[in-house]
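Notes to accompany the following structure.
Side chains are part of it too, since the values below use all heavy atoms of this structure and drop only hydrogens, waters and symmetry mates. Keep in mind the model is a prediction, meaning the values are calculated, not measured.
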Amino acid sequence: MTELPVRPSLRRHVAHVVAYREQFDEETSERVLPDGATRLIFHVPDSLYGRSAIEVAGPSTEPAVLRLRGTVAGISVTLRPGAVRDVLGVPASEVAGQVVALDELWPETGETAARLTHTSDDAARGGIVQDLLEARSRPTSCRVGRAAHIVSREAGRRSVVAIAEDLGLSERRLQQLFRAHVGLTPRALGRIARMHAVFRALRGDVPPSWARIATDAGFYDQAHLANELRRLSGLTPSALLQRVSGFSKTSRPPRARVPE
């Protein structure tokens with residue numbers, strides 16, 4: 001994986017642009033854990049699909065298991081929380097929990113797919129993708145982005161009502177904004193952020209104190225932590241520990257994929 005620079009004009013909408021390429025000699029399963037993000041995935045020829053394809057992977061609170069084989073390559077764009085509607089032009093709730101073809105939302109993406117098909121350089125592919133995003137994106141809502149940042153930072157330590165009050169919003173209005181621009185409820189985004197706080201705490205070499213991690217991450221107790229990890233990842237805490245520890249010794253980002 002290679003992280004590509006995000007153009008200044010897109011930084012309010014886009015968190016990361018990554019070029020990826022992996023070769024699988026035999027079919028491999030990988031578990032993708034939820035992180036609250038929406039991604040645009042530009043598959044290139046000879047990839048998983050054997051042809052150019054552009055997809056939107058909406059935000060979810062559930063893990064997904066991918067079956068990978070052959071050469072998997074392309075460009076992945078991670079949108080900032082709150083930027084979904086301003087980039088895609090549809091309410092974020094319409095793509096939440098789904099993987100949809102981008103041409104269902106943007107019928108004119110065929111030209112971009114063709115350009116990607118005839119380009120082999122990752123930097124050039126990143127440029128093509130960002131050309132498309134610059135042409136389609138609208139000014140994003142600072143208020144929604146700030147609200148999503150606060151919810152993620154607080155990660156369940158403060159109530160949605162308290163956060164809404166701090167932003168000068170009613171709870172109902174905050175929920176409406178999240179539905180339209182984030183695709184998850186504030187509570188769901190906070191739960192995911194809290195799970196990733198646990199991942200960060202598990203990356204060290206010292207055997208973890210689950211009671212301390214539970215307290216630091218804002219869970220009621222160890223049982224609450226264990227139940228939430230199972231709901232969001234489909235794995236037990238001990239199974240997650242093995243996988244996150246394995247990631248800490250590789251170059252792959254722990255929050256993105258966990259080998260099955």
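Taking 4.5 Å as the limit, every side-chain heavy atom of Asp103 sits out of range of all side-chain heavy atoms of Ile54. Side-chain contact between Pro34 and Glu62: absent, with no pair of heavy atoms (C-beta onward) separated by less than 4.5 Å. Side-chain contact between Glu3 and His16 is present, with heavy atoms from C-beta onward closer than 4.5 Å. Between Thr215 and Arg212, every side-chain heavy-atom pair lies at or beyond the 4.5 Å cut-off. Looking only at side-chain heavy atoms (C-beta outward), Val65 and Arg31 come within less than 4.5 Å of each other. Contact check for Leu102 versus Leu132: side-chain heavy atoms found under the 4.5 Å cut-off. Within the 4.5 Å cutoff, side-chain heavy atoms of Val6 are placed close to those of Gln130. Between Ser137 and Leu10 the shortest side-chain heavy-atom distance falls below 4.5 Å.
For the salt bridge (charged side-chain N to carboxylate O under 4.0 Å, His left out) condition, no pair includes a residue of residues 87-96, sequence neighbours left out. Pairs engaging residues 161-173 under the salt bridge (charged side-chain N to carboxylate O under 4.0 Å, His left out) rule: Arg158-Asp166 [sequence neighbours left out].
Here Arg138 contributes atom CZ and Arg85 contributes atom CZ; the two are 6.5 Å apart, rounded to the nearest 0.5 Å. Atom CG of Asp122 sits about 10.5 Å away from atom OH of Tyr20, to the nearest 0.5 Å. Taking CG of Leu88 as the start and CG of Leu133 as the end, the distance is 9.0 Å to the nearest 0.5 Å. Once rounded to the nearest 0.5 Å, the distance linking OG1 of Thr109 with CD of Glu104 reads 10.0 Å. The CD1 atom of Ile163 sits 8.5 Å away from the CZ atom of Arg153 when rounded to the nearest 0.5 Å. Taking CG from Leu174 and CG from Leu169, the interatomic distance works out to 6.0 Å, rounded to the nearest 0.5 Å.
Sparse packing is recorded around CD of Glu26, with 12 or fewer heavy atoms of other residues, nucleotides or ligands lying under 6.0 Å away. By the neighbour-count criterion of 12 heavy atoms within 6.0 Å, atom CZ of Arg179 is sparsely surrounded, having that number or fewer from other residues, nucleotides or ligands. For Gln23, the CD atom counts as densely surrounded, since its 6.0 Å shell holds more than 12 non-hydrogen atoms of other residues, nucleotides or ligands. Summarising the local packing, CZ of Arg187 is surrounded by 12 or fewer heavy atoms from other residues, nucleotides or ligands at distances under 6.0 Å.
Closest heavy-atom contact between Ala83 and Arg12: CB-O, 4.4 Å. In this structure, Gly97 and Ser60 approach most closely via the heavy-atom pair CA-CB, 4.2 Å. Contact detail for Ser76 and Arg39: the closest heavy-atom pair is OG-CD, 3.7 Å. Contact between Thr61 and Ala188 at its shortest, heavy atoms only, is CG2-CB, 3.8 Å. Here the shortest heavy-atom pairing between Thr78 and Ala37 reads CG2-CB, 3.8 Å. Pairing each heavy atom of Leu229 with each of Ser233, the nearest pair is O-OG, 2.5 Å.
Placement of Met1 and Leu68 within a single hydrophobic cluster is found when ILVMFWY residues are connected by side-chain heavy-atom separations under 4.5 Å, directly or transitively. Phe24 and Val32 fall within the same hydrophobic cluster, defined by Ile, Leu, Val, Met, Phe, Trp and Tyr side-chain heavy atoms under 4.5 Å apart, directly or through other members.
Look at Arg115 and Asp131 and you find a salt bridge, because one of the NZ, NE, NH1 or NH2 atoms lies within 4.0 Å of a carboxylate O, short of that distance.
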Legend entry - Criterion side chain to side chain contact (heavy atoms under 4.5 Å, CB included) on Val18 and Ile75, from CA distance to verdict: CA-CA 6 Å; Val18 175; Ile75 303 292; over 6 Å; no

Inset, instruction - In sequence, state the C-alpha distance, the side-chain angles, and the governing distance for Leu79 and Leu40, and then conclude on side chain to side chain contact (heavy atoms under 4.5 Å, CB included). - result: CA-CA 8 Å; Leu79 301 183; Leu40 278 66; 3.8 Å; yes

Legend entry - Stepwise side chain to side chain contact (heavy atoms under 4.5 Å, CB included) test for Thr236 and Arg230: CA-CA 6 Å; Thr236 65; Arg230 289 191 187 96; 4.0 Å; yes

Inset, instruction - Decide side chain to side chain contact (heavy atoms under 4.5 Å, CB included) for Leu240 and Leu33; before the verdict, give the C-alpha distance in whole Å, the side-chain angles of both, and the deciding distance to 0.1 Å. - result: CA-CA 11 Å; Leu240 272 174; Leu33 302 185; 4.1 Å; yes

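Arg194 places no side-chain N or O within donor-acceptor distance of the main-chain N or O of Leu225, the cut-off being under 3.5 Å. For Arg125 (side chain) and Gly74 (main-chain N/O), no donor-acceptor pair under 3.5 Å exists by modelled atom type. Looking only at distances, no side-chain donor or acceptor of His181 sits under 3.5 Å from a matching main-chain atom of Gly145.
Of the options Val144, Val182, Leu167, a side-chain contact (heavy atoms from CB on, under 4.5 Å) to Leu177 is made by Val144 and by none of the others.
His224 is linked by a ring pair (Phe, Tyr, Trp, His ring centres under 6.0 Å) to Phe219, Tyr220, counting only residues two or more places apart in sequence or in another chain.
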